[in-house]
Every structure is written in C-alpha cells, then in structure tokens.
Amino acid sequence: MHHFPGLAYTKEADGRTLFANQGGGATSGLSPDALISKTDDELFPAQLAQRISVDDQRILASEEY
C-alpha cells in the first residue's frame, strides 16, 4: 500500500486511523505518521466525513468486510 499514489488507510471500528500510506500523506499535506489516530472528521470536510462514517457503519453492521 505504500506505493499506491492515492490515499490508502486502515481504521479501527471507532474510526481512528491505524495506518496511512505515503500517498495519503501527499493527499492530505500531512506525514503518514501525523494521520495516525485521526478520525475522518479531522481529515476530511464535514460532508465527506459524514458520508464515510455512514458507509463504515453500514459495512460494519453487515459483517461483510
């Protein structure tokens, strides 16, 4: 995932970032380490963060991950 040019990250069920690739750092303007423990609310505009959160909750509830 480090060589993927876009944002690739993994999160805890509570939405906190566990891992972010180098492309994610370039996309956000932060180092990958600075993305760790951040939530979508801290990383994205409010409307996008809300959509991501709704999708995450739907996927976790479906247990199809």
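Side-chain atoms are counted along with the backbone in the values below, which use heavy atoms only and exclude waters and symmetry mates.
Nearest heavy-atom pair across Pro32 and Ala20 is CB-O, 3.4 Å.
Annotation: side chain of Asp41 is not in contact with side chain of Gln50 (no heavy-atom distance under 4.5 Å). Contact check for Met1 versus Tyr9: no side-chain heavy atoms found under the 4.5 Å cut-off.
In the hydrophobic clustering of this structure, Leu48 groups with Leu7; members are Ile, Leu, Val, Met, Phe, Trp, Tyr whose side-chain heavy atoms approach within less than 4.5 Å, directly or through other members.
Considering Arg16, Arg51, Lys11 as possible partners of Asp40, the one that fulfils the side chain to side chain donor-acceptor pair (under 3.5 Å) test is Lys11. Each of Leu18, Leu43, Asn21 was compared with Leu35 under the side chain to side chain contact (heavy atoms under 4.5 Å, CB included) criterion, and only Leu43 meets it. Checking Leu60, Val54, Asp55 one by one against Arg58, the side chain to side chain contact (heavy atoms under 4.5 Å, CB included) holds for a single residue, Asp55.
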